[in-house]
Amino acid sequence: MEETISLQDIFKIIKKRLVHIVSITIIAALIAGVISFFLLTPIYQASTQILVNKESTDQQAIQTQDIQANLQLINTYNVIIKSPAILSKVIDTLDLNLTPTELTNKITVASQDNSQVVNVSVQDENPAIAVEIANTTAEVFQQEIRELMNVDNVNILSPAVLSDNPSPVKPNKMLNVAIGVVIGLMLGLGLAFLLEYLDTSIKSEQDVEDILGLPIIGIVSPIPDDQPVITSNLSRRGRGN
């Protein structure tokens with residue numbers, strides 16, 4: 001019974017403060033939409049794939065050891081690609097106004113499901129620059145790895161290409177609006193329950209029963225202002241005396 005009453009009270013509060021809840025939700029969604037569509041800078045992404053081939057040797061090797069060696073080599077390559085030795089040359093080649101640390105924040109390197117394929121992804125405000133950085137990074141790495149590790153086992157599998165109508169990867173506008181709706185709804189509900197908690201005034205017969213815990217015996221009807229007041233004979237006699 002207590003759970004039923006509690007749920008009823010919740011629905012009563014929501015119904016009573018529905019205008020506040022809906023208004024705050026709409027305002028939060030509009031704010032999130034304006035920020036996402038007009039204020040946040042779109043970020044574009046370009047990716048290139050690098051293939052790490054196993055070096056040919058004359059000695060017979062165990063297949064399990066080969067797989068483990070390749071995975072360790074790819075992990076090493078992932079670190080080298082984002083190292084200042086590579087990124088500094090990329091900056092000089094493209095004449096970028098960036099430091100190696102700032103360029104590192106734009107680049108993501110990951111192996112494709114523990115395979116011999118390495119993905120180099122670059123995010124930038126300009127889609128053309130993102131493509132140039134991704135391709136140049138792969139080319140510089142392919143050249144420098146020969147001197148750094150004395151190997152020649154890196155090939156560019158799939159270079160980044162600038163599409164005719166690139167789409168930004170960030171911000172996710174619809175997701176931001178949905179988050180704004182959720183936040184606005186939570187704020188609206190919180191404000192509704194807060195206002196209801198702070199409102200201690202008695203406005204109806206039901207409020208009297210709920211607050212005082214006493215039944216209503218009778219109600220005094222309000223007297224309209226335009227209705228004449230009838231005085232009794234006793235009042236008139238008292239005036240005469």
Side-chain angles (χ1 to χ4, degrees), residues 36-37 40-176 178:
S36 300
F37 283 89
L40 294 180
T41 303
I43 302 298
Y44 300 87
Q45 179 173 297
S47 301
T48 183
Q49 291 182 328
I50 299 174
L51 177 63
V52 179
N53 295 317
K54 184 180 67 174
E55 289 188 292
S56 59
T57 60
D58 297 333
Q59 299 179 353
Q60 188 71 23
I62 301 175
Q63 185 177 2
T64 304
Q65 294 179 349
D66 288 342
I67 295 174
Q68 187 66 25
N70 288 335
L71 293 179
Q72 293 178 356
L73 186 61
I74 289 175
N75 292 332
T76 302
Y77 284 179
N78 291 347
V79 177
I80 294 176
I81 291 174
K82 299 184 68 174
S83 66
I86 302 298
L87 298 185
S88 295
K89 292 185 178 297
V90 174
I91 293 173
D92 293 338
T93 302
L94 298 178
D95 194 19
L96 300 175
N97 188 20
L98 297 172
T99 63
T101 302
E102 292 173 340
L103 184 57
T104 301
N105 297 330
K106 294 176 175 287
I107 299 176
T108 302
V109 181
S111 58
Q112 185 68 31
D113 297 330
N114 293 328
S115 66
Q116 294 176 251
V117 178
V118 178
N119 290 328
V120 179
S121 301
V122 178
Q123 293 186 355
D124 193 86
E125 300 174 1
N126 190 324
I129 294 179
V131 171
E132 291 181 357
I133 293 176
N135 290 332
T136 305
T137 301
E139 294 171 359
V140 171
F141 172 72
Q142 184 183 25
Q143 297 171 1
E144 295 298 320
I145 199 64
R146 299 171 185 172
E147 299 180 3
L148 293 174
M149 298 189 64
N150 196 22
V151 293
D152 188 10
N153 62 341
V154 175
N155 295 313
I156 298 177
L157 181 63
S158 176
V161 179
L162 179 62
S163 61
D164 296 333
N165 188 19
S167 299
V169 294
K170 293 188 299 185
N172 191 332
K173 301 175 183 178
M174 299 309 299
L175 178 61
N176 291 345

*May I ask you to test the N126-Y44 pair for a side-chain heavy-atom distance under 4.5 Å?*
no
*Non-hydrogen atoms of P168 and P42 that approach each other most closely*: CB-CB, 3.8 Å
*Nearest 0.5 Å, what's the CD-OG1 distance between E125 and T41?*
5.0 Å
*Could you walk me through whether V118 and I81 pass side chain to side chain contact (heavy atoms under 4.5 Å, CB included), step by step?*
CA-CA 10 Å; V118 178; I81 291 174; 4.2 Å; yes
*If you measure from NZ on K82 to OG1 on T104, what distance do you get to the nearest 0.5 Å?*
6.0 Å
Which pairs of donor and acceptor atoms, one on a side chain in residues 87-101, lie under 3.5 Å apart (sequence neighbours left out)?
{"residue": "S88", "atom": "OG", "partner": "P84", "partner atom": "O", "Å": "2.7"}
{"residue": "T93", "atom": "OG1", "partner": "K89", "partner atom": "O", "Å": "2.7"}
{"residue": "T99", "atom": "OG1", "partner": "E102", "partner atom": "N", "Å": "3.2"}

*Is any side-chain heavy atom of I80 closer than 4.5 Å to a side-chain heavy atom of I86?*
yes
_Shortest non-hydrogen contact from N176 toward P171_ = ND2-CB, 3.7 Å
*Taking C-beta and beyond as the side chain, do Q123 and K106 meet within less than 4.5 Å on heavy atoms?*
no
_Working to the nearest 0.5 angstrom, can you tell me the gap between S83 OG and N78 CG?_
11.5 Å
_Side chains of N153 and Y77 in contact at under 4.5 Å (non-hydrogen atoms)_ = yes
*Nearest-0.5 Å distance, CD of residue Q142 to CD1 of residue I156*: 4.5 Å
*S111 side chain reached by I74 side chain, heavy atoms, under 4.5 Å*: yes
*Kindly indicate whether the side chain of N155, heavy atoms from C-beta on, has any atom under 4.5 Å from the side chain of I50.*
no
*Value rounded to 0.5 Å, distance of OG1 in T76 from CG in L148*: 12.0 Å
*Nearest-0.5 Å distance that lies between atom OG1 in T48 and atom CD1 in I133*: 13.0 Å
*Is it the case that T108 and S121 place a side-chain donor and acceptor less than 3.5 Å from each other?*
no
*With a 4.5 Å heavy-atom cut-off, do R146 and V151 have their side chains touching?*
no
*So do the side chains of N135 and P159 get within less than 4.5 Å of each other, counting heavy atoms only?*
yes
